[in-house]
Amino acid sequence: MERVIPLLLVRPGYMSVIKKIGGMDEMKKRLETMGLVIGSSVTVFSEFEGNLIIGVKDSRLGISMETAGRIMVCEGRPCAEIASK
Amino acid sequence: MSIKIALAGNPNSGKTTLFNALTGSNQFIGNWPGVTVEKKEGKLKGYKDVKIMDLPGIYSLSPYSLEEVISRNYLLNEQTDCILNIVDGSNLERNLFLTAQLLELGIPVVVAVNMMDVVDKSGDVINIQELSTHLGCPVIPISALKGTGIQDAVKAALNAAEKLTIPSPLMKLSGKVEAALASIVSMIDAPSFIKRFYAVKIFERDSKFVETYKAPSGAEAIIASVEKEFDDDSESIITTDRYRAISKLIGSVLKKKKSVGLSISDKIDRVVTNRFLALPIFAVVIFIIYFVSVTTVGTWVTDWTNDGLFGDGWHLTGGEAYEAAVGDYEGEGAKVEAYLAAADKAGIDTAGISETLEAEEPNEEVVSGFIKEASAANLTAETEIKDEDGNVTETLPVSLADFETALAAEEPAPEEFGVWVPGISALAASGLGAIGTSEWLSGLVVDGIIAGVGAVIGFVPQMLVLFLFLAALEACGYMARIAFILDRIFRRFGLSGKSFIPMLVGTGCGIPGVMASRTIENEKERRMTVMITTFMPCGAKLPVIALISGAVFGGVWWVAPSAYFLGVFSVVISGLMLKKMRMFASDPSPFLMELPAYHVPTVENVLRSMWERGWSFIKKAGTLILISAILIWFLSSFGFTEGGFGMVEDLSQGLLANIGGAIAWIFAPLGFGTWDATVATITGLIAKENVVGTMGVLYGVAEVSENGEEVWATFASHFTLLSAYTFLVFNLYCPPCFAAMGAIKREMNNTKWFLFAIGYQILFAYLLALIIFQLGSLIGGGAFTVGSFFGFAALIFIIFMVARPKFRKPTQLRDVSQTV
């Protein structure tokens with residue numbers, strides 16, 4: 001069975017699929033509204049001081065490490081297009 | 001019949017560009033009632049009675065942000081004839097999420113797929129016909145930037161509004177959710193076209209919706225059973241399901257060309273948000289902006305506005321020759337003064353000659369008498385030539401012959417040097433004089449209104465340059481990255497990465513600085529930013545800093561930097577204190593922000609945004625400042641004299657001086673409890689640079705230069721090093737000018753919050769000055785007094801407020817336990 005880890009631990013250049021978002025608050029709803037729903041794929045583009053730039057659908061989002069820690073994903077695989085750079 | 005079209009769409013979908021293209025200059029910008037969210041309305045170009053309402057940029061119709069609630073209430077409660085939904089064609093999936101919600105409102109919808117030029121260029125293909133069939137509404141491809149397809153979209157919207165075609169989407173949620181919605185629909189009593197929307201909101205247990213529309217009793221059981229089945233809350237189930245349906249739809253309408261590597265935007269981000277390069281690049285960008293707008297271009301234009309437009313006037317040509325002539329004339333004047341001073345020392349009576357020289361037609365006998373005496377004494381003198389900063393560059397001997405030539409020198413008239421345009425102030429003065437206006441009225445217009453309003457309007461050009469840069473940064477997408485980069489740093493003291501921009505703008509002028517806080521979504525962070533932005537020394541505070549550092553500290557290098565350092569320190573300390581207070585206590589809202597793809601902004605959008613901000617600044621200065629300028633002018637030029645109440649010769653006899661004297665004791669613990677310092681502080685509330693001008697008037701110099709060089713000696717005799725510094729500290733960090741206070745009131749949008757902000761600023765400035773003065777006196781060898789006790793008490797109070805544990809609401813603890 002594949003391992004489920006927080007998005008926080010996914011390295012830049014890796015792509016993963018969302019399994020669950022923790023908590024029941026407003027932030028969860030906002031994340032879902034922006035397209036971070038169960039089953040959608042997320043690519044981590046870069047990391048700055050713990051905050052991440054991620055790609056969801058066709059947009060880029062900046063999210064803080066606290067938020068990234070609540071997004072549970074299946075372990076990432078290198079995204080060929082980004083990792084090769 | 002008039003038609004109302006609501007323009008709705010995601011942020012960064014090109015909504016503003018489309019709105020500008022649709023309405024041209026027929027726009028009205030205001031605020032939504034009771035909130036500080038901007039409301040834009042306009043008339044459709046080429047149509048008489050079609051109104052366009054630009055709704056705030058939103059991602060969904062959920063009740064979680066002010067913008068979403070406003071948009072939703074507008075669409076539900078106002079009679080909207082058609083929704084024109086703009087979606088970003090290069091980010092179709094995410095944009096259609098809002099569309100799916102709009103389609104359920106029972107209002108005609110037309111979808112405009114924007115950025116078709118970008119889509120075509122990338123090689124992707126969108127099947128518009130197929131999309132239209134699935135959404136059940138007209139879909140029009142457009143490019144707001146290139147101006148293509150806009151008229152088609154307008155026609156489709158007008159057509160849909162006229163025929164009242166309610167959308168009938170084929171898109172369906174998963175079977176179990178649809179079944180649950182169907183049974184809720186059968187329970188509720190509402191017009192059939194809106195039933196589905198109501199059912200969805202009831203299913204989601206939407207807090208704002210359930211407040212006004214009571215959910216049917218049987219609904220809860222249905223919702224709970226679906227929740228159990230999906231192991232998620234009902235709202236998330238709907239959201240996830242919607243995205244699933246949209247994904248399926250996208251699969252059939254969008255043919256994506258296989259992507260090749262990183263996009264240009266991602267490549268820029270690799271550099272700009274790079275762990276090592278991000279902050280240096282940011283610093284360079286900010287330095288350039290600040291340098292250009294505040295020190296070079298901005299200052300040139302601002303000087304012209306202050307001295308030219310609102311001053312005596314300015315030269316179109318021949319300005320340099322005039323400047324040189326004025327310099328020569330001043331040099332001659334200095335020689336006369338030096339010679340007279342030397343004569344005084346040598347025991348020659350100079351009272352008579354000084355007096356006659358002041359008169360328009362000097363008495364020749366007195367002058368020749370003085371010259372005889374001086375020649376008998378064989379008197380010579382020395383004069384010092386000073387540069388702009390008041391440093392002595394040269395010492396010249398003045399003989400009797402030099403003195404006589406100097407006496408003969410005439411003040412150069414600006415009209416004789418090239419083309420001279422008189423300023424508003426000079427024009428008004430001569431105009432009012434010509435028609436024989438009474439002295440007080442001309443004083444009110446020239447010294448009260450024009451000088452007061454002009455002082456603030458003088459900052460407009462500088463602000464426009466700064467706004468131009470900020471608008472460009474915002475439009476190209478870098479502003480979002482700044483917020484991202486600075487988020488970690490600002491989070492530590494309860495602010496967000498977006499708090500930086502207000503503070504940067506605030507170093508130019510506090511008014512637009514406070515207004516710039518609007519982009520911060522989190523209300524608590526926004527209020528806090530509004531409260532502490534004006535701690536940054538603005539442009540008008542610089543003359544005050546120059547006065548203190550020049551007059552009392554002999555121009556030592558550290559006074560000016562210390563003012564900025566204390567400003568930053570005040571921001572940080574205030575952040576640390578405020579975030580622990582009950583009213584600001586909340587989990588810090590974690591950063592979540594879309595980073596739009598970088599793109600070259602259009603000139604029109606940037607200029608429009610610059611002008612919108614500039615104009616609201618002018619309006620502010622034009623109203624509030626006008627009233628307060630008149631009030632302060634009245635208080636300072638009228639008073640009780642021997643002859644009863646009336647206009648007074650100078651400020652020291654005016655009502656303001658009485659007021660100053662009455663409340664001066666308040667400032668005694670800070671070391672400057674004199675009526676003159678108090679009056680200067682009060683006049684500083686009009687515009688901070690007035691502190692310098694007031695000092696000039698009070699210390700008997702009619703006209704003072706920018707840094708108040710002429711009053712340095714007198715000023716220094718009224719203050720000690722320490723009291724001068726605390727005077728500076730209090731004036732820099734106490735509430736800013738009236739216009740900035742007006743901006744604070746407007747952004748707070750609540751009298752209680754406004755008073756709290758002003759009260760906090762007064763208290764903070766007072767305590768800071770108290771601590772510095774009392775502890776400074778002790779260190780300087782003073783005795784321990786009651787004052788020192790309060791100084792220590794204030795210091796301990798601030799340390800306690802910073803260090804005490806954070807206020808926690810009990811509910812937050814429960815939240816935490818749930819996440820664990």
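Order of the sequence lines sets the chain letters (A, B, ...), proteins ahead of strands, with each chain counted from 1.
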What's the verdict on salt bridge (Lys or Arg N to Asp or Glu O under 4.0 Å) for B/Arg275 and A/Glu47, showing C-alpha distance, side-chain angles and the deciding distance? CA-CA 7 Å; B/Arg275 162 184 330 200; A/Glu47 180 249 312; 3.2 Å; yes
Between B/Phe484 and A/Ile53, is a side chain to side chain contact (heavy atoms under 4.5 Å, CB included) present by the stated rule, with each step listed? CA-CA 9 Å; B/Phe484 177 75; A/Ile53 295 184; 3.6 Å; yes
Please assess A/Leu61 against B/Leu595 for the test side chain to side chain contact (heavy atoms under 4.5 Å, CB included), listing each intermediate value before the final yes or no. CA-CA 5 Å; A/Leu61 303 178; B/Leu595 305 175; over 6 Å; no
Please step through side chain to side chain contact (heavy atoms under 4.5 Å, CB included) for the pair B/Arg488 and A/Asn51, ending with a clear verdict. CA-CA 8 Å; B/Arg488 283 276 127 200; A/Asn51 287 1; 3.0 Å; yes
Residue pair A/Glu49, B/Ile489: steps toward the side chain to side chain contact (heavy atoms under 4.5 Å, CB included) verdict: CA-CA 9 Å; A/Glu49 302 260 318; B/Ile489 302 167; 5.5 Å; no
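Rounded to the nearest 0.5 Å, atoms OH (B/Tyr59) and CZ (A/Arg30) are 9.0 Å apart. In this structure, OG on A/Ser59 lies 9.5 Å from CD on B/Glu93, to the nearest 0.5 angstrom. For the atom pair CG of B/Leu92 and CG of A/Asp58, the computed distance is 8.5 Å after rounding to the nearest 0.5 Å. To the nearest 0.5 Å, atom NZ of residue A/Lys57 and atom CD1 of residue B/Ile250 are 9.0 Å apart. The line from CG of B/Leu592 to CE of A/Met27 is 5.0 Å long, rounded to the nearest 0.5 Å. A distance of 8.0 Å separates CD1 in A/Ile38 from CZ in B/Arg244, rounded to the nearest 0.5 Å.
Contact of A/Ile18 with chain B is not made at all, since no heavy-atom distance falls under 4.5 Å. Looking at A/Ile54, neither its backbone nor its side chain comes within 4.5 Å of chain B, counting heavy atoms on both sides. At a 4.5 Å heavy-atom cutoff, the contact between A/Ser46 and chain B is made by side-chain atoms alone. Residue A/Leu36 does not touch chain B at all, counting heavy-atom pairs closer than 4.5 Å. Only the side chain of B/Ser247 comes within contact range of chain A, with heavy atoms under 4.5 Å apart. Proximity to chain A is absent for every atom of B/Asn95, based on heavy atoms less than 4.5 angstrom apart. Of the atoms belonging to B/Ile485, heavy atoms from both backbone and side chain fall under 4.5 Å from chain A. At a 4.5 Å heavy-atom cutoff, the contact between B/Phe97 and chain A is made by side-chain atoms alone.
For A/Phe48 against B/Ala278, the heavy-atom pair with the smallest separation is CE1-CB, 3.4 Å.
Taking B/Asn274, B/Ile246, B/Asp233, B/Asp266 one by one and counting their heavy-atom pairs under 4.5 Å with chain A, the maximum is reached by B/Asp266. Ranked by heavy-atom pairs under 4.5 Å with chain A, the list B/Ser265, B/Ala483, B/Ser65, B/Ser236 is led by B/Ser236.
Under the salt bridge (Lys or Arg N to Asp or Glu O under 4.0 Å) rule, B/Asp232 has a single partner from A/Lys28, A/Lys29, A/Lys20, which is A/Lys28.
Contact check for A/Thr33 versus B/Tyr64: no side-chain heavy atoms found under the 4.5 Å cut-off.
Remark: the backbone N or O of A/Gly35 is paired with a side-chain donor or acceptor of B/Tyr243 at under 3.5 angstrom.
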